[in-house]
Amino acid sequence: MGSEVRIYFFYEKGCFYMIDSIKTNLKAVLETALRTANDLSEVNVVVEEPKRANQGDLSIPVFMIAKTIGKPLPETAAHLQELIRSSDLAPLFSSVAPLGGFLNLSLDKAAVAQGVFRDFEAALSEAKAGEGNGFGSLSIGAGQTVVIDYSSPNIAKPFSVGHLRSTIIGQAIGNLLAKCGFRVVRINHLGDWGTQFGKIIYAYKHFGDEEKVRQNPINELVKLYVEFHEMAKENPAMEDEARRIFNELEQGNPEYLRLWSWFREVSLEDYMKVYELLDVRFDSYNGEAFYNDKMQPVIDQLATQGLLKEDQGAMIVDLGEDLPPALIQKSDGSTLYITRDLAALFFRKREYHFDKALYVVGNEQKLHFEQLKAVVRKMGFPFWKDIEHVNFGLVLQDGKKMSTRKGKVVRLADVLNEAIELSRQTIEDKNPDLEGKAEIARKIGVSAVIFNDLKNYRANDFEFNLEEMVKFEGQTGPYLQYTSVRITSILNADDFHYDGNVDYSLLSQEVFFDIIKAAGDYGKTIERAALEASPSILAKYLLNIASLFNSFYGRERIAVEDLRERRTKEHLIYLVREILDDGMRLLGMKTIERM
RNA sequence: GACCCGAUAGCUCAGCUGGACAGAGCAGCGGCUUCCUAAGCCGUCGGUCGCAGGUUCGAAUCCUGUUCGGGUCGCCA
């Protein structure tokens with residue numbers, strides 16, 4: 001087995017898997033050899049990257065292995081050293097030294113640097129040829145389809161910062177999956193059906209004003225919605241009336257249908273403005289109403305399978321001890337969220353033949369998706385396992401969930417505008433002569449908001465804090481853009497063109513090699529971020545590589561006299577910029593050339 | 001009441017398939033610009049990893065209990 005491993009195995013992936021490849025191959029080689037030598041069925045070798053500088057580039061905890069194979073530590077360490085020395089991987093290491101219970105390996109930095117640049121050049125030519133998914137694309141998702149449901153705002157409610165999260169997290173995950181070779185179907189499952197329309201129609205008919213709605217549709221509809229809830233507190237009968245209206249809407253009442261259609265249209269127009277600002281696109285805008293005629297077959301099938309039963313006048317599917325029953329049909333015969341989600345799911349399976357169905361929806365709907373999966377499972381469809389709730393934390397205000405019903409929401413458009421305004425002021429302050437200020441301010445502001453959301457693990461709650469959102473120093477979007485812009489500026493000043501003329505031996509110094517190592521992790525980072533549906537993994541990575549560059553830039557002069565050294569440095573920072581720009585694009589941010 | 005999620009530096013968070021002295025950013029303090037953009041860099045200060053047990057050679061990481069915060073629990077989505 002070991003002899004089949006080739007030294008330059010890592011180029012096969014062609015997309016920045018350098019460090020990961022070395023680790024996994026080293027692990028495989030050692031495990032195979034140890035198994036054979038000790039006649040064991042299982043030996044686990046851990047290869048990790050130590051945090052301390054004096055501990056080498058990679059290290060292997062030896063005491064663990066010594067215990068497994070039942071030999072003394074020094075003997076085991078010596079054995080491992082010998083195994084590494086005699087393996088095909090040997091040329092990659094400049095030293096292998098035992099220290100404490102660990103075996104510390106130093107990489108041959110020039111060899112690794114060369115490997116990373118080989119990957120980089122492959123990525124560049126791929127991007128140039130317009131192949132794959134651009135720069136450094138992966139193929140782990142080839143032949144597989146993922147449908148991803150995100151944004152999905154509720155019509156006639158404001159586009160809140162809660163929907164912002166779904167929108168930008170979903171967009172980034174879609175980009176990441178596409179990068180990995182998946183066919184991605186982006187679906188905006190508009191909340192354009194449901195009892196809320198009964199409420200709004202009721203409110204509109206009782207105290208609405210056609211002219212006002214025409215003037216300022218979204219705001220007015222929200223006002224009606226909030227007003228309805230305030231009044232309904234005093235007069236609960238209104239809720240019943242709203243449900244009755246929605247039921248009639250489902251039955252096809254023409255007046256209600258006309259109002260519904262109007263509300264839907266004006267709301268959608270408002271959303272489109274936000275999508276444009278965020279540069280978000282969908283493959284489908286089929287909302288809940290689209291499934292209006294597709295629910296009965298689902299209900300029929302549930303009935304045929306004997307899964308549906310009546311309970312207190314409503315139709316439910318019993319999900320056993322662990323989950324509360326799923327309410328499929330209200331006592332008045334009208335449908336519910338889960339009914340429409342089931343219809344949508346089956347439609348998506350038929351239409352797109354997905355291998356994975358993702359739902360980028362808040363934590364608060366965890367139970368809903370557990371129920372959805374459970375119902376599909378009960379119906380006997382094996383693809384219940386392919387349904388995944390990509391949950392995200394609530395947007396809190398003063399530690400509490402925001403509520404539309406009480407009118408406590410922050411409008412996304414306001415947040416974006418505020419961020420854009422702040423970038424404009426900053427530009428005015430730092431670079432007043434900048435050309436195309438307005439456009440650049442927009443790109444900085446919007447990207448700042450996007451990055452602020454994506455940099456933290458999505459499932460954690462998100463305390464809404466506008467000041468925090470538009471901060472431009474430290475771990476922020478502008479920091480990444482600024483880093484990229486700096487590099488561009490340096491390269492332009494010297495009229496740099498990539499020609500692959502790099503002196504790898506110069507890259508062995510610590511300041512260079514930290515960057516090389518980080519670059520060599522890019523592919524693995526994207527893969528992890530995509531498979532874990534965690535854009536924050538990529539976001540943190542980008543912050544790290546940007547910080548490495550800035551640190552490098554603070555210590556080393558790039559425009560040095562020595563041409564060989566200058567070109568090598570320029571190639572290195574060019575590599576950093578391409579990764580930064582590519583990563584930012586994946587997150588849905590905008591890249592810029594100056595700021 | 002039941003179930004789910006969270007708790008790491010003053011603040012915002014990484015780290016969580018167990019590994020060598022727990023890391024960033026912000027805030028504070030002290031520096032850096034005759035030279036590639038200071039939206040930056042360097043240094044410094046700062047932590048009983050909520051608490052208590054347990055498993056382990058080794059626990060922020062796994063298990064149990066507990067406290068606090070948030071979410072959810074059939075006719076909203």
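In what follows, chains carry the letters A, B, and so on, assigned in the order in which the sequence lines appear, proteins first and then strands, with residues in each chain numbered from 1. All values below were derived from every heavy atom in this structure, side-chain atoms included, with hydrogens, water molecules and symmetry-related copies excluded.
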Any side-chain N or O of T483(A) below 4.0 angstrom from OP1/OP2 of rG40(B)?
no
| field | R243(A)/D332(A) salt bridge by N-O under 4.0 Å criterion | value | no
Salt bridge between D494(A) and R567(A), side-chain N to carboxylate O under 4.0 Å? yes
Pi stacking test for F102(A) and rA20(B): under 5.5 Å apart, planes under 30°: yes
**Asked** Ignoring hydrogens and angles, are the base of rA20(B) and the side chain of N104(A) linked by a donor-acceptor pair under 3.5 Å?
**Response** yes
**OP:** Could you tell me whether L491(A) contacts a base, only the sugar-phosphate backbone, or nothing, with contacts defined as non-hydrogen atoms closer than 4.0 Å?
**Re:** nothing
Considering only atom P, compute the distance from rC16(B) to rA22(B) and round it to an integer number of Å.
16 Å
Phosphate OP1/OP2 of rU72(B): any K366(A) side-chain N/O under 4.0 Å: no
Contacts of P236(A) meeting side-chain contact (heavy atoms from CB on, under 4.5 Å) (sequence neighbours excluded), chain-then-number -> none
_It should be established whether R486(A) places a side-chain nitrogen or oxygen under 4.0 Å from OP1 or OP2 of nucleotide rC41(B)._
no
Classify the side chain of S59(A) versus the base of rA20(B) as yes if they form a donor-acceptor pair under 3.5 Å and no if they do not.
yes
With syn defined as a glycosidic angle within 90 degrees of 0 and anti as anything else, the base of rG71(B) is anti
- Within the structure, does a side-chain N or O atom of Y482(A) lie under 4.0 Å from either OP1 or OP2 of rA39(B)? yes
Review point. Checking only heavy atoms, does the side chain of S331(A) share a donor-acceptor pair with the base of rC75(B) at less than 3.5 Å?
Key: yes
inquiry  = Using a strict threshold of under 4.0 Å (side-chain N to carboxylate O), is an ion pair present between K524(A) and E527(A)?
reply    = yes
(message) rA14(B), OP1 or OP2 - any side-chain N/O from N460(A) closer than 4.0 Å?
(response) yes
Symbol by symbol from the 5' end, with Watson-Crick or G-U pairs under 3.5 Å, [ ] crossing and | another strand, RNA chain B is (((((((..((((.....[...)))).(((((.......))))).....(((((..]....))))))))))))....
Checklist entry - Which part of the nucleic acid, if any, lies within reach of L336(A) when heavy atoms closer than 4.0 Å are counted: base, sugar-phosphate only, or nothing? => result sugar-phosphate
Discussion item. Regarding R555(A), tell me which of base, sugar-phosphate or nothing describes its non-hydrogen contacts under 4.0 Å with the strands shown.
Written reply: sugar-phosphate
Q) Base, sugar-phosphate, or nothing: which does Q329(A) touch, judged by heavy atoms less than 4.0 Å apart? A) nothing
Tell me yes or no: between the side chains of Q365(A) and Y359(A), is some donor less than 3.5 Å from an acceptor? no
